[in-house]
Amino acid sequence: GLSTEYSLTKHQDHVGNQRFQVLLNMNQESYRNSQKRGAVDECNQTVDTLVDTVCNQVVPRGRFLVSSSFVVGNAMPTLQWNPMDDQVVKDLLHKVLKSTEPMANTVLSSSSSCDGNTCSS
């Protein structure tokens, strides 16, 4: 299955993640049909369309974030949300559309901007 690092389950109540799950559900059957036919270009187009929809078409715009924690000195670990690399997002979307498992700790959040194919805060 997918690494738990990229699961939506911890943040499934976030409106952006709910919208993202709907988008995944709407596109999964078409993606799988394209995959069965060996239509790699169609699979890639589905993923590109999902990224574009999330980052540019919906209001408010979304972004793909991954959590990380870090410690400074003896302080308690701090949770930080960072933009995911565009290729990592696309690779994960391919895996999710092929799978029945959810993504983990990836948050689709509002108030973001996207520049070209890279979504960032």
Side-chain angles (χ1 to χ4, degrees):
L2 292 178
S3 164
T4 57
E5 182 181 358
Y6 298 106
S7 170
L8 289 171
T9 56
K10 289 185 180 180
H11 303 284
Q12 63 190 4
D13 293 335
H14 186 282
V15 66
N17 288 342
Q18 291 173 348
R19 176 175 39 195
F20 183 55
Q21 190 63 55
V22 169
L23 290 169
L24 288 172
N25 291 340
M26 289 172 49
N27 287 280
Q28 193 165 38
E29 184 177 348
S30 173
Y31 180 94
R32 287 181 181 171
N33 288 336
S34 296
Q35 183 186 18
K36 286 177 187 176
R37 292 192 323 273
V40 175
D41 289 343
E42 289 178 22
C43 292
N44 290 334
Q45 182 61 45
T46 298
V47 167
D48 290 344
T49 299
L50 279 169
V51 172
D52 181 62
T53 299
V54 168
C55 296
N56 299 309
Q57 305 302 318
V58 297
V59 177
R61 290 181 185 181
R63 57 188 173 165
F64 295 93
L65 302 175
V66 65
S67 64
S68 60
S69 60
F70 61 93
V71 178
V72 177
N74 294 329
M76 293 293 293
T78 302
L79 184 65
Q80 180 175 336
W81 293 100
N82 298 303
M84 292 176 66
D85 177 75
D86 185 54
Q87 190 58 52
V88 171
V89 170
K90 290 179 180 185
D91 290 346
L92 285 170
L93 287 177
H94 280 286
K95 289 178 184 178
V96 168
L97 290 166
K98 291 176 188 176
S99 175
T100 58
E101 298 179 40
M103 293 172 67
N105 294 349
T106 301
V107 174
L108 178 60
S109 175
S110 60
S111 303
S112 66
S113 63
C114 296
D115 181 20
N117 290 327
T118 304
C119 303
S120 60
S121 56

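Worth knowing before you read on, the calculation uses all heavy atoms, side chains too, and leaves out hydrogens, waters and symmetry mates. Positions are given from 1, in the same order as the sequence printed here.
The hydrophobic cluster containing Met26 also includes Val22, under a criterion of side-chain heavy atoms closer than 4.5 Å among ILVMFWY residues, counted directly or through chains of members.
With values rounded to the nearest 0.5 angstrom, Leu50 atom CG is found 11.5 Å from Gln57 atom CD. We find the CG-OG1 distance between Asn33 and Thr46 to be 10.0 Å, quoted to the nearest 0.5 Å. Between the CG atom of Asn44 and the OG1 atom of Thr49 there is a distance of 10.5 Å, given to the nearest 0.5 Å. Note: Gln45 CD to Glu42 CD = 9.5 Å, rounded to the nearest 0.5 Å. Taken from OG1 in Thr53 to CG in Asp48, the straight-line distance is 10.5 Å, to the nearest 0.5 Å.
A donor-acceptor pair is defined here as one N or O able to donate and one able to accept, closer than 3.5 Å; no such pair exists between the side chain of Arg19 and the backbone of Val58. At least one donor-acceptor pair closer than 3.5 Å links the side chain of Arg32 to the backbone N or O of Leu97. With hydrogens and angles disregarded, a donor-acceptor distance shorter than 3.5 Å links the side chain of Gln28 to the backbone of Val96.
When side chains are defined from C-beta on, Gln35 counts as touching Cys43, because their heavy atoms get closer than 4.5 Å. In this structure, Asp13 and Gln18 have side chains that are in contact, with non-hydrogen atoms separated by less than 4.5 Å. Asn25 has its side chain out of reach of Phe20: every pair of non-hydrogen atoms, C-beta onward, lies at least 4.5 Å apart.
Between Leu65 and Arg63, the shortest heavy-atom distance links the atoms CD1-NE, 3.7 Å.
The pair Asp91-Lys95 does not count as a salt bridge, with every side-chain nitrogen at least 4.0 angstrom from each carboxylate oxygen.
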Point to revise | Intermediate values then yes/no, side-chain contact (heavy atoms from CB on, under 4.5 Å), Val66 and Trp81 | key: CA-CA 6 Å; Val66 65; Trp81 293 100; 5.7 Å; no

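Ring centroid separation for the pair His94 and Tyr31 comes in under the 6.0 Å cut-off.
Applying the salt bridge (charged side-chain N to carboxylate O under 4.0 Å, His left out) test to Asp52 and every residue at least two apart in sequence or in another chain returns nothing.
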